[in-house]
Amino acid sequence: MTMLDIRYVREHLDEVIERLNKRGEDFSHLRDLVEADEKRRSHIAQIESLKAKRNEISKKIGAYKREGKDSAPLLKEVESGKAQIRELEEKLDELENHIKNTLLNTPNLPHKDIPHGKDDSENVELRKWGEKTSFDFEVKPHWDIAAALDILDFDRAAKMAASRFVVYKDLGARLERALINFMMDMHANEHGYREILLPYIVNETSMMATGQFPKFTDDAFKLTDERGLYLNPTAEVPGINMHRDEILSAEDLPIQYVAFTTAFRQEAGSAGRDTRGIIRQHQFNKVELIKFATPDTSYDELEKMLENSENVLKALNLPYRVVEICSGDLGFAMAKTYDIEVYIPSYDTYREIGSISNAEDFQARRGNIRYRPQKGSKPELLHTLNGSGLAVGRTVVAILENYQQKDGSVKVPEALVPYMNTDVIK
RNA sequence: GGAGGGGUACCCAAGAGGCUGAAGGGGCUGGCUUGGAAAGCUAGUAGGGCGUUAACGCGUCGCAGGGGUUCAAAUCCCCUCCCCUCCGCCA
């Protein structure tokens, strides 16, 4: 389970380092891997030839015994190889662990065409949809709107759990539920995704496969259970792991799932950011899109997925923009990512509400997810994609703020009225 | 939580240290037969990882997963996971 293919690293070392360095870190330590890999292969060759010899003699011993011949000389002959094999295997083990650990901690290669930049300030806006909502009164942030309507309760959530949790009440609770159903219906019925409902707890192997681990263990909520289980940080984890260690048929691809899950994140390192309201919580709901595609179609599928996500905001008539993530801001497992940012009037800025990514074969390699291009042909790694469709809590924020009215009530977006059974939250 | 039973290839299933390079069925693919089909007969059917090679190949590892014993492990020992049955508890 590695991330980059060691053979690719070996054969394109300079290119690999150069591309990874665009993420803003120095990856020249990968040069060591080539030497380690060479040693690894020569150890394998030695071990295997010793084993071939041993197997041959062992077979002879069996034959001798059956025929009643004396096998003592053969036993002597095989003796010396035993220690040698053991010694070489120990060294091989060390080499393989070193290579594996290095690669597990190495992020994906950014796609060649994505913008080069140091951090999120250099992300590139691709397009805007809708006009920034304008108001003829002073806009309020969503926490004030919610307080007046008594639909979000932070104090009681802190009492029963901790800070960065929230209790939704009345039409606030219903709005969250309505959005989940609305999004699920759209993706399942109109966009052709298969609806699944996933476990909210995942194991370490799954976290490893999608790339959360080993680098970002601090972001996860670990359970005390001795099996090494974690609260799901995003449906991407159980979703992609649906097909871990499987070989899929080409004719079944692309496979596309839509899943609602609750996501849990420590938000370590975010202390003091977005502390008011529900922009950043330890627990939030999300509708997630997951795809398994052949390598030659994955970028087309990425565009479709982006469109599917955008359709949610269009249907809700919320102004947004699409941003292409630059190399310095790109997630660990991803080769290319688009963010969808929704307009938030109280911030007078666009805030992330969804993220749509192609991991190419990075997660597939770590999770051993393959497909057979043709009947009878060798299995190959496929490409995995995931995208928000969308983050539900942040959609609530966007609706409360963009649809707020002078009297403190909030209009319900037309598309949501059937799900809300009311056209206004007051 | 308690007591048992299991996991072998696409499926079922035998094997219980060396003649297993895993039997035998089913299924699948082909052939014979047929006007065509079914049935019958017959042949083929271990995938995958890794190493090596220009390639054909060769080697190595594979019987849930991981360790160990042994010259040699599906088979013996240890650990883990998963499934099933019964009891208890529970939405």
Side-chain angles (χ1 to χ4, degrees), chain A residues 1-11 33-104 197-209 213 223-230 238 241-252 262 361 363-382:
Chain A
M1 189 159 70
T2 57
M3 160 247 149
L4 298 174
D5 183 1
I6 183 65
R7 271 169 297 201
Y8 191 86
V9 174
R10 184 202 300 162
E11 280 152 32
L33 283 188
V34 176
E35 199 191 328
D37 181 55
E38 214 150 289
K39 275 193 201 157
R40 176 184 72 93
R41 286 181 293 151
S42 91
H43 278 69
I44 288 172
Q46 289 179 65
I47 288 166
E48 290 190 351
S49 80
L50 285 167
K51 280 190 176 176
K53 196 171 139 199
R54 184 198 65 191
N55 288 347
E56 202 184 318
I57 297 172
S58 288
K59 208 177 276 185
K60 245 192 238 173
I61 293 173
Y64 274 34
K65 291 225 160 158
R66 249 172 281 124
E67 294 160 18
K69 288 202 238 171
D70 178 21
S71 56
L74 291 173
L75 284 171
K76 205 158 208 176
E77 199 181 330
V78 88
E79 208 171 336
S80 67
K82 208 184 164 186
Q84 266 186 75
I85 289 173
R86 186 176 287 259
E87 198 181 318
L88 285 165
E89 276 184 336
E90 269 170 32
K91 280 191 197 153
L92 177 63
D93 212 45
E94 272 172 44
L95 286 164
E96 286 186 331
N97 276 331
H98 169 64
I99 293 167
K100 184 176 130 186
N101 287 332
T102 305
L103 290 179
L104 277 175
L197 191 62
L198 295 159
Y200 286 14
I201 288 174
V202 293
N203 57 35
E204 195 179 344
T205 311
S206 296
M207 294 285 268
M208 218 42 108
F213 287 4
L223 304 183
T224 57
D225 185 291
E226 66 284 349
R227 286 173 291 193
L229 298 173
Y230 298 83
N241 278 280
M242 279 282 289
H243 297 296
R244 170 153 51 81
D245 291 320
E246 291 185 19
I247 299 171
L248 307 170
S249 310
E251 64 257 31
D252 294 335
T262 301
D361 65 10
Q363 296 177 324
R365 183 172 297 107
R366 292 165 80 105
N368 191 30
I369 312 171
R370 296 173 293 171
Y371 78 107
R372 211 179 287 283
Q374 270 112 39
K375 213 180 160 195
S377 65
K378 281 229 160 208
E380 287 173 22
L381 295 172
L382 46 70

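By convention in this document, chain letters (A, B, ...) are assigned in the order of the sequence lines, proteins followed by strands, and residues within each chain are numbered from 1. Side chains included, hydrogens not; waters and symmetry mates left out as well; all remaining heavy atoms used.
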Interatomic distance, [X] [atom1] vs [N] [atom2] [rounded to whole Å]:
{"X": "A:Leu50", "N": "B:C61", "atom1": "CG", "atom2": "C1'", "result": "15 Å"}
{"X": "A:Glu380", "N": "B:G48", "atom1": "CD", "atom2": "P", "result": "12 Å"}
{"X": "A:Glu96", "N": "B:C61", "atom1": "CD", "atom2": "C1'", "result": "12 Å"}
{"X": "A:Glu56", "N": "B:G21", "atom1": "CD", "atom2": "P", "result": "14 Å"}
{"X": "A:His43", "N": "B:C61", "atom1": "NE2", "atom2": "P", "result": "18 Å"}
{"X": "A:Arg10", "N": "B:C50", "atom1": "CZ", "atom2": "P", "result": "11 Å"}
{"X": "A:Lys51", "N": "B:C50", "atom1": "NZ", "atom2": "C1'", "result": "11 Å"}

Does [X] put a side-chain nitrogen or oxygen below 4.0 Å from OP1 or OP2 of [N]?
{"X": "A:Arg370", "N": "B:G48", "value": "no"}
{"X": "A:Arg372", "N": "B:G47", "value": "no"}
{"X": "A:Lys378", "N": "B:G49", "value": "yes"}
{"X": "A:Arg7", "N": "B:G51", "value": "yes"}
{"X": "A:Arg41", "N": "B:U52", "value": "yes"}

In whole Å, what separates the [atom1] atom of [N] from that of [M]?
{"N": "B:G35", "M": "B:U45", "atom1": "P", "result": "32 Å"}
{"N": "B:G25", "M": "B:U42", "atom1": "P", "result": "10 Å"}
{"N": "B:G31", "M": "B:C19", "atom1": "P", "result": "37 Å"}
{"N": "B:G68", "M": "B:G17", "atom1": "C1'", "result": "15 Å"}
{"N": "B:U80", "M": "B:G1", "atom1": "P", "result": "13 Å"}
{"N": "B:U8", "M": "B:A14", "atom1": "P", "result": "11 Å"}
{"N": "B:C11", "M": "B:A46", "atom1": "C1'", "result": "15 Å"}
{"N": "B:A22", "M": "B:U75", "atom1": "C1'", "result": "12 Å"}

Minimum heavy-atom separation for [X] and [Y], please, with both atom names.
{"X": "A:Ala250", "Y": "A:Pro373", "result": "CB-O, 3.4 Å"}
{"X": "A:Glu204", "Y": "A:Phe213", "result": "CG-CD2, 3.8 Å"}
{"X": "A:Pro238", "Y": "A:Val202", "result": "CD-CG1, 3.9 Å"}
{"X": "A:Gln363", "Y": "A:Ile369", "result": "O-CD1, 4.4 Å"}
{"X": "A:Arg10", "Y": "A:Val34", "result": "CA-CG2, 4.3 Å"}

For [Y], is there any backbone N or O sitting under 3.5 Å from a side-chain donor or acceptor partner on [X]?
{"X": "A:Arg372", "Y": "A:Glu380", "result": "no"}
{"X": "A:His43", "Y": "A:Lys39", "result": "yes"}
{"X": "A:Asp93", "Y": "A:Glu89", "result": "no"}

Determine the stems involving RNA chain B; a stem requires 3 or more consecutive pairs of the Watson-Crick or G-U wobble kind, each with both distances below 3.5 Å, and the answer is none if no such run exists.
B:1-7 with B:81-87, B:10-12 with B:24-26, B:27-32 with B:40-45, B:48-52 with B:57-61, B:64-68 with B:76-80
Is it true that A:Lys82 and A:Glu87 have a side-chain N and a carboxylate O under 4.0 angstrom from each other?
no
Kindly compute the distance separating CG (A:Asn368) from CD1 (A:Ile247), expressed to the nearest 0.5 Å.
7.5 Å
Roughly how far, to the nearest 0.5 Å, is CZ of A:Arg41 from CD1 of A:Ile6?
8.5 Å
Of A:Arg40 and A:Ala63, the one whose closest RNA chain B nucleotide lies more 5':
A:Ala63
Under 4.0 Å protein heavy-atom contacts per nucleotide of nucleotides 62-76 of chain B, with B for base, S for backbone only and - for none
-------SSBS----
Shorter than 3.5 Å, N or O on both sides, protein versus nucleotides 78-83 of chain B: list them out with atom names.
none

If anything within 90° of 0 is syn and all else is anti, what is B:C56?
syn
Under a 90° cut-off about 0 for the syn range, is B:G62 syn or anti?
syn
Hey, are A:Asn203 and A:Ser206 close enough side-chain-wise for a donor-acceptor pair under 3.5 Å?
yes
Could you walk me through whether A:Arg370 and A:Leu382 pass the side-chain contact (heavy atoms from CB on, under 4.5 Å) test, one step at a time?
CA-CA 5 Å; A:Arg370 296 173 293 171; A:Leu382 46 70; 5.8 Å; no
